[in-house]
Amino acid sequence: SFYTLVLLIEILKWRNIVAPAEMYHISRTQKTARDPLRPHGHDFAELFWIDAGEGTHIVNGQAFPIATGDLAFIRPGDFHSIQPIDVLHLTNLAFPHDVLG
């Protein structure tokens, strides 16, 4: 089931990806059908948009098509992955959950 799978998914921690005092982290990445964004969760919020390409975004067990120009918000505690159809370019803005107020 989805919740059994959640127990096996990596949880990314804000303090492990940036200096704890940083207020945001921005990155651009390319994923492919052979190298998808693997299922994960995190203790921080994330906003990403698709610069080019298309695929499927799986959030908390539900699949959504994504394509160039789409924007997604991931809350702390959500679990997600991206399976590109071919090549997908995305920009990611991550920030600690306390910024949400």
Side-chain angles (χ1 to χ4, degrees):
S1 79
F2 169 70
Y3 293 103
T4 301
L5 180 62
V6 165
L7 296 175
L8 304 173
I9 294 176
E10 179 181 18
I11 306 296
L12 304 175
K13 303 287 186 183
W14 180 255
R15 70 178 180 268
N16 295 336
I17 64 166
V18 297
E22 294 296 325
M23 295 307 295
Y24 68 91
H25 175 75
I26 192 163
S27 65
R28 297 187 76 189
T29 190
Q30 171 182 298
K31 302 310 285 176
T32 66
R34 289 181 171 228
D35 180 30
L37 183 63
R38 306 226 180 271
H40 67 282
H42 28 74
D43 68 352
F44 53 88
E46 176 179 86
L47 183 70
F48 71 84
W49 54 95
I50 306 303
D51 297 311
E54 59 186 299
T56 301
H57 185 209
I58 302 167
V59 184
N60 299 329
Q62 294 187 16
F64 303 93
I66 54 173
T68 303
D70 285 351
L71 177 71
F73 177 71
I74 305 300
R75 302 166 298 187
D78 284 344
F79 295 93
H80 71 123
S81 64
I82 296 175
Q83 180 61 56
I85 290 175
D86 187 21
V87 178
L88 188 135
H89 298 267
L90 64 98
T91 300
N92 178 291
L93 174 63
F95 48 94
H97 70 279
D98 58 351
V99 171
L100 297 172

Original post:
Atom CD1 of Ile82 and atom OG1 of Thr29: how far apart are they, to the nearest 0.5 Å?
Top reply: 9.5 Å

Subject >> Between OH on residue Tyr24 and CG on residue Leu47, distance to nearest 0.5 Å >> reply: 14.0 Å

Subject >> salt bridge (Lys or Arg N to Asp or Glu O under 4.0 Å) against Asp43, all qualifying residues, sequence neighbours excluded >> reply: none

Original post:
side chain to side chain contact (heavy atoms under 4.5 Å, CB included) with Asn16: which residues, sequence neighbours excluded?
Top reply: Lys13

Subject >> Partners passing side chain to side chain contact (heavy atoms under 4.5 Å, CB included) against Ala63 (at least two apart in sequence or in another chain) >> reply: Thr56, Ile58

Can you list, pair by pair, the side-chain donor-acceptor contacts under 3.5 Å of residues 88-96, counting residues two or more places apart and other chains?
| from | atom 1 | to | atom 2 | distance (Å) |
| --- | --- | --- | --- | --- |
| Thr91 | OG1 | Arg28 | NE | 3.3 |
| Thr91 | OG1 | Asp51 | OD1 | 3.4 |
| Thr91 | OG1 | Asp51 | OD2 | 2.6 |
| Asn92 | ND2 | Glu46 | OE2 | 2.8 |

**OP:** Answer yes if Val87 and Ile66 sit in the same cluster of Ile, Leu, Val, Met, Phe, Trp and Tyr residues linked by side chain heavy atoms under 4.5 Å apart, and no otherwise.
**Re:** no

Original post:
How would you list, by chain and number, every residue that makes a side-chain hydrogen bond (donor to acceptor under 3.5 Å, both in side chains) with His40, sequence neighbours excluded?
Top reply: His80

**OP:** Provide the full list of salt bridge (Lys or Arg N to Asp or Glu O under 4.0 Å) pairs with a residue in residues 79-95, sequence neighbours left out, each pair given once.
**Re:** none

**OP:** Check Pro76 against Ala45 and note the closest heavy-atom contact, atom names and distance.
**Re:** CG-N, 3.8 Å

Subject >> Contacts of Asp35 that satisfy salt bridge (Lys or Arg N to Asp or Glu O under 4.0 Å) - sequence neighbours left out >> reply: Lys31

Subject >> Least distance between heavy atoms, Arg38 atom then Ser81 atom >> reply: C-CB, 3.8 Å

Subject >> Least distance between heavy atoms, Leu12 atom then Phe44 atom >> reply: O-CE2, 3.7 Å

**OP:** For Gln83 and Ala33, indicate whether the former's side chain and the latter's backbone hold a donor-acceptor pair under 3.5 Å.
**Re:** yes

**OP:** Work out which heavy atom in Asp70 is nearest to a heavy atom in Pro65; give both atom names and the distance.
**Re:** OD2-O, 4.0 Å

**OP:** Following the transitive rule for hydrophobic clusters with a side-chain heavy-atom cut-off under 4.5 Å over Ile, Leu, Val, Met, Phe, Trp and Tyr, establish whether Phe64 and Ile85 coincide in one cluster.
**Re:** no

Subject >> Separation between CZ of Phe79 and CD1 of Ile11, rounded to the nearest 0.5 Å >> reply: 4.0 Å

Subject >> Closest heavy-atom pair and its distance - Met23, Trp14 >> reply: C-CZ2, 4.2 Å

